[in-house]
Amino acid sequence: MTGLLTQRLQQACDNAVAMWTALGRARGHDVRSHDGFAVIDGPAAVRIMPTTPDPGEDPAPVAKACKDHGRALVVEDPFGTLDLTAVGMTARHLPVMVREPAPAPEPEPAAGVRRVGTGGNLVRAGRMVVDGFPLEHYRAGDVFPLSLLEQDGPAFFTLGDAGACLTMAHGGVGGAYWVTTMPEHRSKGVGRTLMHAVLRHFDGLPVTLTAARAGKPLYDSLGFETVGDAHWWS
């Protein structure tokens with residue numbers, strides 16, 4: 001991997017950790033920093049996130065303790081260096097992708113994407129993400145606390161009642177998360193329209209994301225390239 005790709009993978013990791021840390025603290029979850037990984041410990045689920053390819057502290061015992069206590073657990077390893085099979089976990093593989101700074105696509109005349117600025121619209125965005133993505137363990141009113149609108153990094157976008165996404169500015173890149181299209185609006189360009197808005201929002205910055213299999217063709221067409229193979233252990 002070239003130096004730039006390594007840098008972008010690290011930036012994608014740092015952005016995701018910053019997003020989950022901000023989200024966890026806004027939700028009142030226990031956020032802990034270890035030597036080489038972070039733990040976001042909520043009442044419904046635990047997320048462990050390596051912050052380096054070679055953590056100084058092994059996250060496996062923390063993962064095992066969660067499993068032994070019957071906790072819902074995800075270990076998001078963007079570097080693909082952990083092996084948690086001995087803990088009884090299995091991994092699915094998701095590409096970490098980046099789009100280098102480039103002109104954003106021009107908006108269509110009636111695109112209709114809006115940045116969320118009020119609590120009511122934030123609840124509506126949360127409902128779309130919970131129902132359309134979907135997100136387990138969360139209710140629409142709890143997934144995105146109102147205090148996130150007061151922070152510098154996060155920004156939410158909606159396209160009417162058809163779709164929504166969260167973005168995070170951190171570490172010299174923009175991150176896109178939960179690019180969601182409601183089932184009744186799929187195959188109508190909602191995800192593309194949302195991503196056009198995201199790219200305009202981060203004009204001049206690299207943009208990173210972790211792609212679900214169904215979304216990867218869209219991101220390929222927008223100029224994103226794969227920089228890593230994330231292992232999501234559960």
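Quick note: numbers below take in every heavy atom, side chains included, and nothing from hydrogens, waters or symmetry partners.
Listed by first then second residue, pairs satisfying ring-ring contact (aromatic ring centres under 6.0 Å, His included) with a partner in residues 38-82 number zero, not counting sequence neighbours.
Within 6.0 Å of CG in Asp68 there are more than 12 heavy atoms belonging to other residues, nucleotides or ligands. Gln151 CD: more than 12 foreign heavy atoms inside a 6.0 Å radius. Counting heavy atoms of neighbouring residues, nucleotides and ligands inside a 6.0 Å radius, atom CD of Glu184 exceeds 12 of them.
Grouping the Ile, Leu, Val, Met, Phe, Trp and Tyr side chains by contacts below 4.5 angstrom, directly or via other members, places Leu73 with Leu84. Under a hydrophobic-cluster definition in which Ile, Leu, Val, Met, Phe, Trp and Tyr are linked whenever side-chain heavy atoms come within less than 4.5 Å, directly or via other members, Val96 and Val98 are assigned to the same cluster.
Side-chain contact between Leu23 and Pro145 is present, with heavy atoms from C-beta onward closer than 4.5 Å. Contact annotation: the side chain of Leu199 approaches that of Phe224 to within less than 4.5 Å [non-hydrogen atoms, C-beta and beyond]. Within the 4.5 Å cutoff, no side-chain heavy atoms of Arg8 are placed close to those of Glu225.
A side-chain hydrogen bond (donor to acceptor under 3.5 Å, both in side chains) with Asp41 holds for exactly one of His29, Arg71, Arg47; it is Arg71.
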| said: Walk me through whether Ile40 and Arg25 qualify under side-chain contact (heavy atoms from CB on, under 4.5 Å). | reply: CA-CA 9 Å; Ile40 298 87; Arg25 287 175 175 159; over 6 Å; no

| Verdict with supporting geometry, Glu100 and Leu4, side-chain contact (heavy atoms from CB on, under 4.5 Å) | CA-CA 10 Å; Glu100 293 297 329; Leu4 179 61; 4.1 Å; yes

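Counting Ile, Leu, Val, Met, Phe, Trp and Tyr side chains that sit under 4.5 Å apart, directly or through other members, Val74 shares a hydrophobic cluster with Leu94, Trp232.
Taking the six-membered ring where tryptophan is involved, the planes of Trp178 and Trp20 are perpendicular, since the angle between them exceeds 60° and thus also 30°. Ring orientation note: the planes of Trp233 and His231 are nearly perpendicular, at an angle over 60° on the 30°/60° scale.
Contact detail for Val116 and Leu122: the closest heavy-atom pair is CG1-N, 3.5 Å. Minimum heavy-atom separation, His34 to Val62: CE1-CG2, 4.3 Å.
Gln10 and Asp14 share a side-chain donor-acceptor pair at under 3.5 Å.
Under the 3.5 Å distance criterion, the side-chain polar atoms of Arg186 are matched with a main-chain donor or acceptor of Thr181. Judged purely by atom type and a 3.5 angstrom limit, Thr81 uses its side chain to pair as donor or acceptor with the backbone of Pro53.
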